[in-house]
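This report refers to the structure that appears directly beneath it.
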Amino acid sequence: MPPATTEPLFSYGTLQQADVQQATFGRLLEGQADALVGYRRTMVKIEDAQVVATSGAAYHPIVEASGDPHDRVEGMVFAISAEELAHADAYEVDEYERVQAQLASGRRAWVYVKRRG
């Protein structure tokens, strides 16, 4: 069951996996399909052994702003608690930073994007 007070989190990658959700949040998340507009998706090699073990993959998707409104990254929006958002922050490696972005639906959500610099 989602928490009473929630934060919207958009996921386009491993946070959509049931095993990653169980390990990170202790529950399966229910989400709604949406898309991130003006971003491109690529892959990044993950060096953190725990994250690789949790996800089962050494390469994870990562997105960065492209400035092109035709670029879209499909994903899911999950309602999670502030505490669960902190768990998601701990799961994501240094190549990612959490920002707020507007989705195709018009709603705003947290999303992990490629860290600038």
Side-chain angles (χ1 to χ4, degrees):
M1 196 155 200
T5 305
T6 62
E7 297 280 348
L9 175 65
F10 178 78
S11 172
Y12 53 86
T14 61
L15 286 173
Q16 294 181 74
Q17 294 175 209
D19 53 346
V20 172
Q21 290 177 6
Q22 286 287 5
T24 306
F25 308 115
R27 68 183 180 100
L28 294 179
L29 305 179
E30 291 183 25
Q32 299 172 319
D34 212 326
L36 191 57
V37 178
Y39 284 76
R40 283 195 189 110
R41 179 179 143 150
T42 59
M43 300 297 279
V44 63
K45 185 173 185 352
I46 303 299
E47 302 292 343
D48 185 302
Q50 180 63 43
V51 173
V52 171
T54 300
S55 69
Y59 288 87
H60 288 197
I62 194 165
V63 299
E64 67 182 313
S66 67
D68 183 344
H70 294 101
D71 288 336
R72 279 174 78 96
V73 177
E74 301 294 326
M76 298 290 287
V77 178
F78 300 110
I80 62 174
S81 70
E83 182 181 347
E84 289 171 326
L85 192 56
H87 291 296
D89 287 344
Y91 168 76
E92 296 295 353
V93 297
D94 290 343
E95 286 80 3
Y96 296 86
E97 68 179 335
R98 179 168 48 93
V99 300
Q100 281 215 324
Q102 186 162 337
L103 304 176
S105 65
R107 75 186 294 188
R108 293 186 66 75
W110 293 111
V111 60
Y112 293 96
V113 301
K114 184 175 183 179
R115 185 175 297 281
R116 288 178 233 136

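Computed from a predicted structure; not experimentally measured.
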Quiz prompt | Minimum-distance pair of heavy atoms, taken over all atoms of P8 and V77 | solution = CB-CG1, 4.1 Å
Quiz item: Would one find more than 12 heavy atoms of other residues, nucleotides or ligands at under 6.0 Å from atom CD of E97?
Solution: yes
Quiz item: Quick check: does any side chain N or O of R72 sit under 3.5 Å from a backbone N or O of V37, one acting as donor and the other as acceptor?
Solution: no
Quiz item: What distance separates F78 CZ from F10 CZ, expressed to the nearest 0.5 Å?
Solution: 9.5 Å
Exercise. Identify, with sequence neighbours excluded, every residue that meets side chain to side chain contact (heavy atoms under 4.5 Å, CB included) alongside E30.
Key: none
Exercise. Run the salt-bridge test on D89 and R98 with the 4.0 Å N-O cut-off and return the result as yes or no.
Key: yes
Self-check item: Point-to-point distance, once rounded to the nearest 0.5 Å, from OG1 of T24 to CD of E84
Solution: 10.0 Å
Exercise. Please report the closest heavy-atom contact between V20 and S55, naming both atoms and the distance.
Key: CG2-CA, 3.7 Å
Quiz prompt | Heavy-atom pair of closest approach, residues P61 and G13 | solution = CG-CA, 3.7 Å
Quiz item: Hey, is the main chain of S11 close enough, under 3.5 Å, to the side chain of Q16 for a donor-acceptor pair?
Solution: yes
Self-check item: Point-to-point distance, once rounded to the nearest 0.5 Å, from CD of Q22 to CZ of R27
Solution: 10.0 Å
Quiz prompt | Non-hydrogen side-chain atoms of I80 and W110 separated by less than 4.5 Å | solution = no
Practice problem: Take I62 and Y12, measure what side chain to side chain contact (heavy atoms under 4.5 Å, CB included) needs, and give me the verdict at the end. | Solution: CA-CA 8 Å; I62 194 165; Y12 53 86; 4.2 Å; yes
Practice problem: Identify whether Y59 and V93 are in the same connected component of the hydrophobic contact network (ILVMFWY, side-chain heavy atoms under 4.5 Å). | Solution: no
Quiz item: Just by distance, do the side chain of D71 and the backbone of R40 share a donor-acceptor pair under 3.5 Å?
Solution: no
Please output the side-chain donor-acceptor pairs of residues 42-53 that fall under 3.5 Å, not counting sequence neighbours, one pair per line with the distance.
unit_1	atom_1	unit_2	atom_2	d
D48	OD1	Q50	N	2.9
D48	OD1	V51	N	3.0
Q50	NE2	T54	OG1	3.3

Quiz item: Does a side-chain heavy-atom distance below 4.5 Å link L103 with Q32?
Solution: no
Quiz item: If you round to the nearest 0.5 Å, how far is OH of Y96 from OH of Y91?
Solution: 8.0 Å
Quiz item: Just by distance, do the side chain of Q21 and the backbone of L29 share a donor-acceptor pair under 3.5 Å?
Solution: yes
Quiz item: Given R41 and V63, is the side chain to side chain contact (heavy atoms under 4.5 Å, CB included) satisfied, shown in steps?
Solution: CA-CA 4 Å; R41 179 179 143 150; V63 299; 4.0 Å; yes
